[in-house]
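Input: a single structure, listed below in structure tokens.
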Amino acid sequence: MTAQSSNSQPQVESTAGEPHLDENHVIAERREKLRHLREHAQSSNTPVFPNDFKPEHKAADLQARYAEADKETLDPQEIPAVVAGRMMLKRVMGKASFATIQDSTGRIQLYIARDEIGEALYESFKHWDMGDIVGARGRLFKTRTGELSVHVTELRLLTKSLRPLPEKFHGLQDQEIKYRQRYVDLITSDETRATFRARSQVVTAIRQFMNQNEFLEVETPMLHPIPGGASAKPFITHHNALDMQMFMRIAPELYLKRLIVGGFERVFEINRNFRNEGLSVRHNPEFTMMEFYAAYTDYQWLMDFTEQCIRAAAIAAKGTAVLSYAGKEVDLSKPFERLTIVGAIQKYAPQYSLEQLNDAEFVRKELLKFGVKAFDHAGLGALQLSLFEETAESQLWQPTYIIDYPVEVSPLARASDTQPEITERFELFITGREIANGFSELNDAEDQAARFHAQMKAKEAGDQEAMFYDADFIRALEYGMPPTGGCGIGIDRLVMLITDSPSIRDVILFPHMRSEQ
RNA sequence: GGGGUGUUAGCUCAGCUGGUAGAGCAGCGGACUUUUAAUCCGUUUGUCGUGGGUUCGAUCCCCGCACACCCUACCA
């Protein structure tokens, strides 16, 4: 969109010297058609890619209003319709044709009679291709078989498509192309479009829920001088002008808590985090988190609140909080179960006695059976957590809060007032996957400084994901942060659950892929 | 990172433990004024992912590589 655009016809040589990814004879044929269109446009001084046709109706609206009407009552009314969209189906006969166009809302059929639009245009239309963008003006009617259609009186080719669409019946089957060329997937798959609409509805519902509860939406840095707020490997980058190393954020937590110090009391952020780790059906290097912090609340309040938020999101996108995932029911409508780490092991791996679970050496040996070698510095709580992950986590199909995480793996969480070795922290699991993580925040600056020091020791001992010491964050806490609850919800995973998607790539428009070739 | 499976026409897919490939759709030409994945007649199109090896001969057997998907590991 430069200032150069005008009414003059640009001189475009069809294919000369331009790099094309994958030319083939079908594309060559369409380029040839486009060349003819350019010639014709030039001689008639009209644009090849016109932008003066303005549709006035959407397919879905027309279907909703008139699809049920009788032919006898609808046809005589000659209701005008002006529509535009991509031609998805085309059935040409000698003197009349049908074409189905698709717009952002759905599909509608066009009836194109030679005697109505003229012989020259009809001949031209015969050579238009599936995938071309067309505009049509006409009157609504019902065909013999009762399909709502537009009897076309004016037909325009608005955009010539050079690449063929996938086979019209089977659609796009190649998973790789669905991810790499999402635009093709969106053109051809109702299901894909529905998934991303649902994603948008989920995010909108969450935002509304937060606003209704008087949270302030904020944006904090994505480029961090010190990566913090989570245990993860960061992407490292470099700022040239400042000549300094920077890190893509792994979590917004420490900045959001600075805002609580600043007095906002209720803040949230929906944005991307970046973690330099492996890919899987549950992991993309950049993923979306909603983190929120509320002063004068604790983890018990957070669990109630998070539950309501997720329920509201499901209802907004699906109309119900009783979902189906991978063929099994997931019920978000009832209160979520709450279990301690040890309680969950006892429930899902009852072969262990409480005595065994409280024996650090036993648990450490047991973990070896699962191929897990715990750090030497790991305490009982961390060992129990590892055993939980090996035995119970994947079985938490219905929504379950796991509570009371050990202090040593929760360096930002407030310790229990009665049991100093555990924190007021929870993680939410649904369909065996972690969906959310929250806790009463640690607001004792000196304790936080000590926890950071312990993390630095762990880092020196070989724990690559241990946290860095963030001196400014400590300084902020030293001004005093009110008692606060904070939680992060993995939006991608929540959308996977709500849209019944097996892979995180199905809910990210442009998932990370290796370079082509 | 480790393991498994896959890659054949533009698309969707066949292809017999080895003899250099087929169908449907799309395209092109023709017929057809109410079709529904329109139909009917004719017809074009392939470095069989890529590089080696075995063989008289490889889409097919063996090895490497690329990419994808699934499982697994780290994590959310």
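Order of the sequence lines fixes the chain letters, A, B, ..., with proteins taken first and strands second; residue numbering starts at 1 for each chain.
Among the atoms of the strands shown, only primed sugar atoms or phosphate atoms (P, OP1, OP2) are found under 4.0 Å from some heavy atom of A:E29. In this structure, A:R514 reaches the sugar-phosphate backbone alone: every heavy-atom distance under 4.0 Å involves primed, P, OP1 or OP2 atoms, never a base. Heavy atoms of A:V92 sit under 4.0 angstrom from at least one base atom. Residue contacts for A:G490: at a heavy-atom cut-off of 4.0 Å it reaches no nucleic acid atom on any strand shown. At a threshold of 4.0 angstrom between heavy atoms, the contacts of A:L89 are confined to the sugar-phosphate backbone, with no base atom among them. Here A:K33 lies in heavy-atom contact (under 4.0 Å) with sugar-phosphate atoms only. A:G171 comes within 4.0 angstrom of sugar-phosphate atoms only, judged by non-hydrogen atoms across all strands, and of no base. Looking at heavy-atom distances under 4.0 Å, A:I112 makes no contact with the nucleic acid at all. Using a 4.0 Å heavy-atom criterion, one finds that A:N284 contacts the bases of the nucleic acid, with or without backbone contacts as well.
Computed from coordinates, the A:D185 CG to B:C69 P distance equals 13 Å when rounded to whole Å. Straight-line distance from the CZ atom of A:R30 to the P atom of B:C11: 13 Å, rounded to whole Å. Distance CG (A:D174) to C1' (B:U5): 15 Å, rounded to an integer number of Å. Rounded to whole Å, the distance from CD on A:E176 to P on B:U5 is 19 Å. For A:E277 and B:A73, the CD to P distance is 14 Å, given to the nearest whole Å. When the P atom of B:A26 is taken as reference, atom CE of A:M88 falls 13 Å away, rounded to whole Å. Atoms CG (A:N24) and P (B:A26) sit 16 Å apart, rounded to a whole Å. Between the C1' atom of B:U72 and the CD atom of A:E393 lies a distance of 15 Å, rounded to the nearest Å.
A:K459 forms a cation-pi arrangement with A:F468, by the criterion of a distance under 6.0 Å to the ring centre and an angle within 45° of the ring axis.
The same atom, C1', is picked in B:C13 and in B:A26; the two are 14 Å apart, to the nearest Å. One P atom belongs to B:G10, the other to B:G27, and the distance between them is 15 Å to the nearest Å. Separating the P atom of B:U59 from that of B:G46 is a span of 16 Å, rounded to the nearest Å. A gap of 11 Å separates the C1' atoms of B:C28 and B:U45, to the nearest Å. B:U12 sits 34 Å from B:U54 when the C1' atoms are compared, rounded to a whole Å. Across the C1' atoms, B:A9 and B:U20 are found 16 Å apart, a figure rounded to whole Å. The C1' atoms of B:C65 and B:C71 are separated by 23 Å, rounded to the nearest whole Å. To the nearest whole angstrom, the two C1' atoms, one in B:C32 and one in B:G42, are 16 Å apart.
OP1 or OP2 of B:C69 sits under 4.0 Å from a side-chain N or O of A:R505. Between A:K142 and the phosphate of B:U34, there is no side-chain N or O to OP1/OP2 separation shorter than 4.0 Å. Remark: A:K168 is in phosphate contact with B:A26, judged by side-chain N or O atoms under 4.0 Å from OP1 or OP2. Contact annotation: A:R180 side-chain N/O to B:A68 OP1/OP2 distance is under 4.0 Å.
Counting only N and O atoms by type, the side chains of A:Q173 and A:H170 include no donor and acceptor under 3.5 Å apart. In summary, the side chains of A:R249 and A:N273 do present a donor paired with an acceptor at a separation below 3.5 Å, with no hydrogens or angles considered. Side chains of A:Y179 and A:D506: a donor on one and an acceptor on the other come within 3.5 Å. Looking only at atom types and distance, the side chain of A:Y122 has a donor-acceptor partner in the side chain of A:S97 under 3.5 Å away. Defined by atom type and a distance below 3.5 Å, a donor-acceptor pair is missing between the side-chain atoms of A:E68 and A:Y66.
Outside the 6.0 Å centre-distance limit, the rings of A:Y299 and A:F305 are not counted as a close aromatic pair. Between A:F141 and A:Y111, the distance separating the two ring centers is shorter than 6.0 angstrom. Between A:F388 and A:Y405, the distance from one ring center to the other does not fall under 6.0 angstrom. Aromatic ring centres of A:Y469 and A:F452: separated by under 6.0 Å.
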Between N or O atoms, less than 3.5 Å apart, protein on one side and nucleotides 45-49 of chain B on the other: list the pairs.
{"from": "B:U45", "atom 1": "O2'", "to": "A:H25", "atom 2": "ND1", "distance (Å)": "3.4"}

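In this structure, A:H512 and A:H151 both approach RNA chain B, and ranking their closest nucleotides by distance from the 5' end singles out A:H151.
Although no hydrogens or angles enter the test, the distance criterion places no donor-acceptor pair under 3.5 Å between the side chain of A:R282 and the main chain of A:I504. Listed for the A:Q455 side chain is no donor-acceptor partner under 3.5 Å among the backbone atoms of A:R451.
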| task | Starting from the C-alpha separation in whole Å, work towards a yes-or-no answer on side chain to side chain contact (heavy atoms under 4.5 Å, CB included) for A:D61 and A:T105. | result | CA-CA 8 Å; A:D61 295 339; A:T105 66; 5.7 Å; no

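At a non-hydrogen distance threshold of 4.0 Å, A:H127, A:D129, A:M130 from residues 122-132 of chain A come into contact with RNA chain B.
A donor-acceptor contact under 3.5 Å links the side chain of A:R91 to the base of B:U35. Residue A:E147 places no side-chain atom within donor-acceptor reach of the base of B:U35, judged by atom type and a 3.5 Å distance cut-off alone.
Counting only heavy atoms from C-beta on, A:Q175 has its side chain closest to B:C69 among B:C32, B:U72, B:C69. You'll find that the side chain of A:Q173 is closest to B:C13, out of B:C11, B:C13, B:C67. Set against B:G27, B:C32, B:A73, the side chain of A:S280 has B:A73 as its closest nucleotide.
When both distances must be under 3.5 Å, the Watson-Crick or G-U wobble mate of B:C61 is B:G53. B:C25 is paired with B:G10 under the criterion used here, namely a Watson-Crick or G-U wobble arrangement in which both key atom distances are under 3.5 Å. Checking B:G1 for Watson-Crick or G-U wobble geometry (two distances, each under 3.5 Å) identifies B:U72 as its partner.
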